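Below is one structure, written out as structure tokens; comments come after it.
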Number of protein chains: 2
Amino acid sequence: MVSSQLAANIKYFRKQYNWTQQKLADELKVSRSVIAKWENGDVLPDLTSIIKLSHVFKQSIDHLLGLNRYSNQFLNDFQQFYETKHDNGEVIDESLLSVVDYLIKNPPLKEQIVQLSQLTVKQQRAALRILKTTITETKRL
Amino acid sequence: MVSSQLAANIKYFRKQYNWTQQKLADELKVSRSVIAKWENGDVLPDLTSIIKLSHVFKQSIDHLLGLNRYSNQFLNDFQQFYETKHDNGEVIDESLLSVVDYLIKNPPLKEQIVQLSQLTVKQQRAALRILKTTITETKRL
DNA sequence: CTCAAACGTTCTTAATAAGAACATTTTACT
DNA sequence: AGTAAAATGTTCTTATTAAGAACGTTTGAG
């Protein structure tokens with residue numbers, strides 16, 4: 001009940017990699033049966049295993065646990081820093097801060113944005129439309 | 001040995017809040033003695049307690065554990081700035097700030113990322129794959 | 001210097017994760 | 001559909017280890 005997402009996420013990410021439970025067990029150096037138990041929510045992985053999971057799946061632990069909160073400490077620092085860089089009165093809005101935090105936890109997404117920024121303006125607009133539709137449709141499911 | 005930082009961080013954040021071990025224990029609803037053991041690295045908090053710690057201290061779990069995988073490239077001034085705030089040597093990745101600049105100039109994209117972040121992890125992964133494919137294909141034209 | 005609050009340690013108990021072995025389900029192939 | 005093999009789920013036992021209580025030690029304000 002700590003994190004019902006964890007079980008599902010382990011299974012999900014394992015499948016993303018096309019791994020069997022045995023393969024994942026080998027990666028983490030644990031028995032296969034315990035993987036089954038993690039994925040079924042019978043047992044919570046101990047901290048060592050959670051850290052290993054976050055490594056092999058390249059996910060932040062918070063993400064793995066399905067906790068999408070962010071570090072206010074970091075955001076405060078970022079805001080402070082950013083304001084000193086743009087002390088001409090440019091305003092940062094709240095959502096930018098949460099987006100930044102989100103991107104930090106999702107390097108693959110950040111990388112795509114880098115790629116996106118290198119397209120032509122026209123291509124960027126097209127890609128944005130597709131993204132928007134994708135998200136809208138996903139939410140309707 | 002999992003994370004020697006955790007012990008120090010618990011103590012550090014507790015002191016930031018000017019809390020006694022007893023106060024923290026009350027917040028987490030655990031005994032005070034176990035807090036002492038956490039802070040001295042004698043014992044690792046279980047997952048439930050770790051999640052609670054990340055809540056009361058408003059820190060991401062990765063941050064609390066002292067795991068920072070975005071460690072190699074950091075924009076120099078932000079790194080300096082950040083290091084003066086946290087002298088524990090944690091880092092953020094370099095392309096982040098340029099991405100931020102890009103997002104500031106593209107509020108619609110920023111808004112889509114906000115939307116994206118509110119989907120389930122699974123949906124996020126799916127959407128990201130679509131975005132990735134979109135960009136890759138666009139570049140081939 | 002004192003004593004009270006904060007913190008550290010030891011010992012025991014309880015909780016729970018790990019692994020092995022066995023059972024079931026799913027998949028691939030005919 | 002039928003079958004064998006691979007993949008996954010479950011049970012039971014053992015071992016690990018965290019939690020709490022009680023006691024000991026340090027620290028700091030006066």
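This structure is a prediction, so every number in the text was calculated from the model and none was measured. A note on names: the letters A, B, ... follow the listed sequences, proteins ahead of strands, and every chain is numbered from 1.
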Next item on the list: To the nearest Å, give me how far apart CG (A/Asp26) and C1' (C/dG19) are.
Entry: 14 Å

Note to self: I need the NZ-P distance between A/Lys37 and C/dA18, as an integer number of Å.
What the structure shows: 8 Å

Next item on the list: Kindly point out which of C/dT9, D/dG20, C/dA18 is positioned nearest to the side chain of B/Val34?
Entry: D/dG20

Notebook entry, point to check: Linking I/L/V/M/F/W/Y whenever any side-chain heavy atoms sit under 4.5 Å apart, do B/Ile130 and B/Leu109 land together?
Noted result: no

Next item on the list: Return no unless some side-chain N or O of A/Gln21 is found under 4.0 Å from OP1 or OP2 of D/dA6.
Entry: no

Notebook entry, point to check: Where the side chain of B/Lys15 is concerned, which of C/dC7, C/dA18, D/dA19 is the nearest nucleotide?
Noted result: C/dC7

Next item on the list: Compare the minimum distances between each of D/dT8, C/dC7, D/dA21 and the side chain of B/Thr20, then state the nucleotide with the smallest one.
Entry: C/dC7

Item checked: Interatomic distance where CD belongs to B/Gln22 and P belongs to C/dA5 [whole Å] -> 12 Å

Next item on the list: In whole angstrom, give the distance that lies between atom CG of A/Leu24 and atom P of C/dA18.
Entry: 12 Å

Check: When the distance from CD of B/Glu39 to P of C/dA6 is rounded to whole Å, what number comes out?
Finding: 14 Å

Margin query: Which nucleotide wins on minimum distance to the side chain of B/Leu44, given the candidates C/dA20, D/dT8, D/dA18?
Written below: D/dA18

Notebook entry, point to check: Rounded to the Å, how far apart are A/Ile35 CD1 and C/dG19 C1'?
Noted result: 12 Å

Next item on the list: Measure from the side chain of A/Arg14, starting at C-beta and using heavy atoms only, and say which of D/dT11, D/dT8, D/dA18 lies closest.
Entry: D/dT8

Check: Do side-chain atoms of B/Arg14 reach the backbone of B/Trp19 as a donor and acceptor pair under 3.5 angstrom?
Finding: yes

Next item on the list: For residues A/Ala7 and A/Glu39, report the shortest heavy-atom separation together with the two atoms involved.
Entry: CB-O, 3.5 Å

Notebook entry, point to check: Counting only side-chain N and O atoms of A/Trp38, is one of them less than 4.0 Å from OP1 or OP2 of C/dA18?
Noted result: yes

Notebook entry, point to check: Within less than 4.0 Å of OP1 or OP2 of D/dG9, is there a side-chain N or O belonging to A/Lys11?
Noted result: yes

Next item on the list: Start with the C-alpha distance between B/Gln118 and A/Tyr102, add both sets of side-chain angles, then the distance that settles side-chain hydrogen bond (donor to acceptor under 3.5 Å, both in side chains), and finish with yes or no.
Entry: CA-CA 10 Å; B/Gln118 290 163 358; A/Tyr102 179 61; over 6 Å; no

Check: Between B/Arg32 and D/dC23, is there a side-chain N or O to OP1/OP2 distance below 4.0 Å?
Finding: no

Check: Counting side-chain heavy atoms from CB outward, which of D/dA19, D/dT10, C/dC7 is closest to A/Asp42?
Finding: D/dT10

Next item on the list: Please lay out, stage by stage, how B/Gln115 and A/Lys132 fare under the test side-chain hydrogen bond (donor to acceptor under 3.5 Å, both in side chains).
Entry: CA-CA 9 Å; B/Gln115 298 297 321; A/Lys132 194 169 179 175; over 6 Å; no

Item checked: Gap between atoms NZ and P, on A/Lys52 and C/dA17 respectively (whole Å) -> 16 Å

Checklist line | Spacing of A/Asn40 atom CG relative to D/dA7 atom C1', expressed in whole Å | finding: 13 Å

